[in-house]
Amino acid sequence: MVDLSTEGQLDTVQMMVNMGPQHPSTHGVFRMVLWVDGERIVDLEPHIGYLHRGSEKLCEGELYVQIVTLFDRMDYISNLNNEMIFCRAVERLMGLAVPERAEYIRVILCELNRVASHLLFCGTFGIDAGAMTPIMYAFRDREKIQSMFEAVTGARMMHNYIRIGGVKGDVPDDFSQRMGALLKVLRQGINETDKLLSFSEIFLARTKGIGVIDAETAIAYGMSGPSLRACGVPMDVRKDEPYSVYDRFDFGIPIGEKGDSWDRYYVRVEEMRQSMRIIEQALEQMPDGPTITPSRLVLRPPQGEVYVRGENPRGEIGVYLVSNGADKPYRVKVRPPSFCNLMAIKELLKDTYIADAVVILGSLDIVLGEVDR
Amino acid sequence: MLGNLKGLMVTFATFFRKPVTYKYPQEHKPIEDRYMGFPVLMWDEKVEEPYCTGCMVCVRYCPTQCMSAVMKDNPLHAEGKSTRRKIVDSFEINLGRCILCGICVDVCNFDAIEMSHEHELSKYARNDNRTNLPRLLEMGRSYQKESGWKPKPVKETKPEPETKTEEAVEAEN
């Protein structure tokens with residue numbers, strides 16, 4: 001790829017550096033081959049597939065009720081958002097209506113999941129930039145969200161709670177009180193994490209103006225979610241194409257200015273606050289009623305295909321589902337946000353210093369379980 | 001400089017708070033009521049036999065195929081003590097393969113399987129987590145005692161549509 005010969009002239013020699021797949025700051029098993037000239041990155045080649053489990057192919061051999069468990073394990077930091085997108089795809093294919101209360105429970109839990117995911121990002125991004133303290137604070141708050149999930153869904157991470165046609169069961173009786181207390185704690189916790197990291201001079205020096213990408217290039221690469229909004233594009237599936245009950249809430253879409261690593265970080269911090277606004281409104285509006293539309297255990301959706309998209313913490317997730325009328329899907333294709341965001345890494349890392357590679361990669365907030373599937 | 005000082009203020013303020021960590025092996029985090037641990041089989045104390053009839057519906061719907069069940073004629077039914085015509089003969093769950101999804105509990109028609117609060121299952125050998133019927137029932141009894149579990153009230157209606165569909169599907173195949 002790169003001419004490594006010096007041809008006898010006095011010139012710098014480019015060196016190949018292997019980063020990953022066991023590098024701790026690649027957030028999983030991601031390998032990058034970097035060609036560096038001194039400290040500068042000249043070229044790079046991302047290698048993916050170390051966590052490939054063949055989820056899409058596995059879906060073709062499972063019943064519809066079982067596939068939800070596979071979607072749990074795809075993006076293992078925002079499980080509920082992933083469950084929801086698959087259930088919505090099947091519901092749209094079958095024309096199944098979801099009870100109001102179930103929609104509200106879904107929205108509350110998904111937004112809570114978004115806060116948990118972004119908190120984890122704030123912590124790990126701090127570590128990527130060299131700050132060890134924020135992750136302790138972020139994990140303290142994330143732990144409380146996990147406990148809340150445990151009380152509602154029965155599991156801390158792999159919930160299998162959102163089912164086709166609704167949710168598995170109603171929320172506990174003391175849900176509203178506990179959520180109120182949790183939101184109060186979270187608001188304080190997020191402010192603390194924000195104070196610790198966001199405007200620290202060291203952190204600003206490590207992230208401001210690093211890994212800049214302009215809006216056109218970002219869109220051309222198919223970036224979405226907070227990484228795209230950091231470039232100043234107010235694109236959010238929850239607003240552009242409101243699904244579930246998102247059109248009933250008043251919330252803003254934080255956007256960045258320059259599209260650098262700091263913007264990508266701060267957009268997420270602001271997004272957590274917006275998510276909490278949604279949760280508060282949803283708790284107020286939540287109606288009573290059933291939580292699931294009863295459907296058959298062995299679902300046989302009619303022949304056809306459907307593409308459904310939604311907003312994950314990492315960006316736009318899409319599910320393309322083809323059914324041939326059998327009890328198992330013919331094809332399930334996932335458009336993962338982290339994968340599309342990661343593909344812009346070549347553009348982001350070129351001509352930067354090798355010390356910034358970790359920060360820029362971290363600012364994209366990738367989850368390798370979803371990149372490789 | 002100011003940004004760093006603000007951060008230091010946060011760390012300083014936390015000095016005076018209670019620690020949030022649990023010293024794990026000595027101290028356990030309290031488990032929520034709904035917590036889904038590993039699946040166990042329940043024990044019918046009225047007739048002293050398991051609820052499970054070995055109908056294998058959970059085996060068929062398990063996404064990881066981690067269980068197996070065998071059915072037999074119930075000797076207590078012949079004696080007139082039990083209403084169950086069939087009863088489970090042997091049941092095995094490989095808890096090492098279980099993904100704790102809870103689908104087996106949802107599909108069970110007899111309240112026989114339940115997600116317990118069991119979650120610490122470190123073993124020395126790979127196959128030590130293959131749990132047989134006596135062990136599953138023992139785990140189930142301790143869960144029943146701990147949580148005050150009661151079977152769901154019996155409905156006075158016809159069998160649920162889900163069961164029907166299930167049979168229809170079987171007939172088709």
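Numbered from 1 within each chain, the chains take letters A, B, ... in sequence-line order.
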### Task
Keeping the roles fixed (side chain from B/Arg34, backbone from A/Val152), state whether a donor-acceptor pair exists under 3.5 Å.
yes
TODO: List the steps, then state whether side-chain contact (heavy atoms from CB on, under 4.5 Å) holds for B/Ile103 with A/Thr69.
DONE: CA-CA 10 Å; B/Ile103 289 178; A/Thr69 63; 4.3 Å; yes
Of A/Gly169, A/Pro172, A/Pro134, A/Ala131, the largest count of non-hydrogen pairs under 4.5 angstrom with chain B goes to A/Pro172
Turns out that what part of B/Ile31 lies under 4.5 Å from chain A's heavy atoms comes down to both
If one checks every heavy atom of B/Val10 against chain A at 4.5 Å, the contacting part turns out to be both
- Query: Yes or no on side-chain contact (heavy atoms from CB on, under 4.5 Å) for A/Arg140 and B/Thr14, after CA distance, side-chain angles and deciding distance?
  - Reply: CA-CA 12 Å; A/Arg140 177 196 64 193; B/Thr14 1; 4.1 Å; yes
Is atom NZ of B/Lys29 surrounded by more than 12 heavy atoms (other residues, nucleotides or ligands) closer than 6.0 Å? yes
Worksheet item: Is atom NZ of A/Lys208 surrounded by more than 12 heavy atoms (other residues, nucleotides or ligands) closer than 6.0 Å?
Response: yes
Whether over 12 other heavy atoms sit under 6.0 Å from A/Asp173 CG: no
message = Other residues, nucleotides and ligands only: do more than 12 of their heavy atoms fall within 6.0 Å of NZ on A/Lys168?
response = yes
| task | Check whether any side-chain N or O of A/Glu150 sits under 3.5 Å from a backbone N or O of B/Glu32 as a donor-acceptor pair, and report yes or no. | result | yes
The interface call for A/Phe203 against chain B, heavy-atom contacts under 4.5 Å, is neither
Of A/Leu58, A/Leu204, A/Thr153, A/Val171, the largest count of non-hydrogen pairs under 4.5 angstrom with chain B goes to A/Val171
If one checks every heavy atom of B/Asn4 against chain A at 4.5 Å, the contacting part turns out to be both
pair A/Arg163-B/Asp106: side-chain heavy atoms closer than 4.5 Å: yes
Margin query: Are more than 12 heavy atoms, taken from residues, nucleotides or ligands other than B/Arg126, located less than 6.0 Å from that residue's CZ atom?
Written below: no
If one checks every heavy atom of A/Glu62 against chain B at 4.5 Å, the contacting part turns out to be side chain
Taken to the nearest 0.5 Å, the spacing of B/Leu2 CG from A/Ser200 OG works out to 11.0 Å
The interface call for A/Ser147 against chain B, heavy-atom contacts under 4.5 Å, is both
Answer key: most heavy-atom pairs under 4.5 Å with chain A among B/Thr64, B/Thr11, B/Val107, B/Leu100 is B/Thr11
Check: Hey, is CD1 on A/Ile202 packed in by over 12 heavy atoms from elsewhere, all under 6.0 Å?
Finding: no
Check your understanding: Does atom CD of A/Glu257 have more than 12 heavy-atom neighbours, drawn from other residues, nucleotides or ligands, at distances under 6.0 Å?
Key -> no
Counting heavy-atom pairs under 4.5 Å with chain B, the top scorer among A/Arg156, A/Arg178, A/Met158 is A/Arg178
Is the shortest heavy-atom distance from the side chain of B/Met36 to the side chain of A/Asn160 under 4.5 Å? no
